[in-house]
2 protein chains.
Amino acid sequence: MKIATWNVNSIRTRLPHTTDWLKTTSVDVLCLQETKVVDEKFPRDAFTEIGYHAAIFGQPSYNGVAIISREPLSDVSRGFAPILGDRVAEFDQQKRVITGIIGDLRVVNLYVPNGSAVGSEKYIYKLRWLEVLHDYLKALMLEPNHLLVCGDFNIALEDIDIHDPTGRVNQVMATDLERVALQVILRLGLADVFRKFVKDGGHFSWWDYRSAAFRRDLGWRIDHIYLSPDLYEKAIACAIDKAPRKLEQPSDHTPVIVEF
Amino acid sequence: MKIATWNVNSIRTRLPHTTDWLKTTSVDVLCLQETKVVDEKFPRDAFTEIGYHAAIFGQPSYNGVAIISREPLSDVSRGFAPILGDRVAEFDQQKRVITGIIGDLRVVNLYVPNGSAVGSEKYIYKLRWLEVLHDYLKALMLEPNHLLVCGDFNIALEDIDIHDPTGRVNQVMATDLERVALQVILRLGLADVFRKFVKDGGHFSWWDYRSAAFRRDLGWRIDHIYLSPDLYEKAIACAIDKAPRKLEQPSDHTPVIVEF
DNA sequence: GGCGAGCTGG
DNA sequence: CCAGCTCGCC
């Protein structure tokens with residue numbers, strides 16, 4: 001059983017990359033972020049043709065998440081409100097959360113806000129969003145299922161997750177406030193499965209399009225897979241597949257895969 | 001001596017096509033229309049590197065003309081107002097006219113308004129613009145130089161210049177009013193040099209991007225080269241080069257070349 | 001409908 | 001650097 005997360009930065013532009021990758025890698029579940037397309041225009045057929053189902057939650061231009069899976073998902077829910085009620089409805093205007101159940105496993109797929117610049121409106125929104133995410137995951141953890149929470153977190157948890165942590169306290173995606181917000185969430189009982197297998201730094205999942213960042217390996221590890229305790233024990237591998245980032249017209253992110 | 005006219009539909013997008021074509025065709029003067037770029041962003045260096053000068057008159061997004069030449073132009077003037085005075089200044093807001101002298105030859109490069117739909121505001125503007133052009137060329141013909149007037153005229157002079165002239169009287173680029181306006185200009189003493197060499201129809205310089213018009217050869221001959229009488233006598237060839245229209249990401253127009 | 005530029009977001 | 005959008009042109 002293999003489950004992956006990949007911010008594709010437009011599923012329509014990256015459709016051949018995505019289906020090619022599914023065919024060669026044969027993961028069972030692929031969580032996509034930044035699909036950037038309304039549900040009516042999501043290229044569902046391309047996934048059906050190669051034997052996958054798609055649960056989608058999109059909007060025009062921005063954000064958008066989807067779970068591609070060999071087995072159909074049950075109990076799919078989109079956004080925070082179905083779990084937390086209308087008090088959080090404002091956070092569902094941006095389509096960043098989708099979840100569903102496969103067997104005894106709940107998969108949560110997230111596209112955490114980027115935060116723009118430290119102290120900006122968007123940065124405040126990101127921190128508030130993470131608080132809501134805490135309540136959301138707390139609720140889901142009451143279920144009997146195993147829990148896998150993955151996606152583009154737009155946060156580098158440790159300094160070794162950044163190519164150059166100099167001045168990180170002023171850099172969005174690495175400030176103390178963001179890290180603490182995420183650590184509070186993890187204290188609910190989730191662990192970064194990549195770190196079960198890889199202890200050193202220099203492993204990245206995102207490289208800016210600008211300044212030839214990929215060629216110079218100036219990356220960040222901001223795409224994560226978090227597991228509930230017993231699932232964490234069962235994991236036998238977790239890796240970043242850099243190959244898709246080397247293709248023509250790549251996404252700026254590359255997939256992370258966990259295997260059980 | 002070879003002189004060409006080509007509506008490139010954005011010089012930045014078509015820069016490789018344009019410089020490649022100059023290198024293989026080695027024309028002495030190339031008149032460009034729809035450069036779609038302000039002068040500060042015009043890719044002058046690309047032409048300098050291959051041995052050409054550039055006289056430019058552009059604006060952001062729309063219109064824009066340029067004359068690319070092996071020898072530098074003298075007496076360059078941009079727009080109608082330098083010749084006709086401020087009464088026509090309103091017509092220079094759109095950058096559609098540039099002229100300069102090489103040896104004993106004045107080259108006038110035009111991007112005639114398209115006219116949108118018959119009877120529209122833009123159609124009226126086109127007819128008024130053609131009246132101003134008449135006065136402009138009348139003034140230039142007082143000079144002792146030979147005169148070459150070329151560009152995208154957005155007018156098919158004869159029915160044989162349209163793939164299907166059915167209902168042309170209601171079609172912009174082929175109405176009687178436009179044709180007469182152009183014929184009045186030509187009566188100043190200018191002749192279509194393409195017709196010195198080619199008498200039959202079915203020769204086009206523009207094919208709409210839509211409906212696979214190029215593949216089906218549904219074109220129009222709207223890019224012209226007009227010459228003063230003694231120059232007309234000296235012309236030894238005039239041809240449309242369809243090759244650039246067959247490239248990847250082509251302009252919707254293709255070059256017309258006259259040789260002396 | 002096919003395209004390009006300029007804009008906004010990352 | 002790249003994505004999609006909005007706009008205007010043809």
* Asked: Mind checking whether F153(A) and Y226(A) have ring centres under 6.0 Å apart?
  -> yes
* Asked: To the side chain of P60(B), which of dG4(D), dC10(D), dG6(C) is closest?
  -> dG6(C)
* **salt bridge (Lys or Arg N to Asp or Glu O under 4.0 Å) partners of residues 149-165 of chain A, not counting sequence neighbours, each pair once** => E158(A)-R195(A), D159(A)-R168(A), D159(A)-R179(A), D161(A)-R195(A), D161(A)-R221(A)
* Structure fact -> Rounded to whole Å, CZ of F214(A) lies from P of dC2(D) at a distance of 13 Å
* Asked: Can you check the H253(A) NE2 to dA3(D) C1' distance for me, whole Å?
  -> 12 Å
* Asked: Does T13(B) place a side-chain N or O at less than 4.0 Å from the phosphate oxygens OP1/OP2 of dC3(C)?
  -> no
* Which whole-number value in Å describes the distance from Y125(A) OH to dG9(C) C1'? -> 14 Å
* Just call it for Y209(B): base, sugar-phosphate, or nothing, with non-hydrogen atoms closer than 4.0 Å on any strand. => sugar-phosphate
* Asked: Taking for each residue the nucleotide of DNA chain D bearing the nearest heavy atom, is the 5' side occupied by S10(A) or by D208(A)?
  -> D208(A)
* **Proximal nucleotide (of dG4(D), dG4(C), dC10(D)) relative to the N114(B) side chain** => dC10(D)
* What's the closest nucleotide to the Y62(B) side chain, out of dA3(D), dA5(C), dC9(D)? -> dC9(D)
* Structure fact -> Of the candidates dC10(D), dG4(D), dC9(D), the side chain of K36(A) sits closest to dG4(D)
* Given atom CH2 of W206(B) and atom P of dC3(C), what is their separation to the nearest angstrom? -> 13 Å
* To do: Quickly, which of N109(A), N7(A), V65(A) forms a side chain to side chain contact (heavy atoms under 4.5 Å, CB included) with C31(A)? Name it, please.
  => N109(A)
* Asked: Just to confirm, is there a sub-4.0 Å distance from OP1 or OP2 of dC10(D) to any side-chain nitrogen or oxygen of Y111(B)?
  -> yes
* R210(B) (side chain) and dG2(C) (base): donor-acceptor pair under 3.5 Å -> no
* Go through the structure and list residues passing salt bridge (Lys or Arg N to Asp or Glu O under 4.0 Å) with D208(A), not counting sequence neighbours. => R210(A)
* Rounded distance in Å - CD1 (I11(B)) to C1' (dA5(C)) -> 15 Å
* Structure fact -> E34(A) CD to dT8(C) C1', in whole Å, measures 13 Å
* Assess whether side-chain contact (heavy atoms from CB on, under 4.5 Å) is satisfied between D217(A) and K242(A), documenting all intermediate values. => CA-CA 11 Å; D217(A) 201 26; K242(A) 285 176 76 171; 3.8 Å; yes
* Between dG4(C), dA3(D), dG4(D), which one does the side chain of R12(A) approach most closely? -> dG4(D)
* So, is R14(B) close to the dG4(C) phosphate, meaning a side-chain N or O under 4.0 Å from OP1 or OP2? -> yes
* Asked: Between L15(B) (CG) and dG4(C) (P), how many Å, whole number?
  -> 14 Å
* Asked: OP1 or OP2 of dT8(C) less than 4.0 angstrom from a side-chain nitrogen or oxygen of S61(A), does that happen here?
  -> no
* To do: Check the distance between dA3(D)'s C1' and D252(A)'s CG and give it to me in whole angstrom.
  => 9 Å
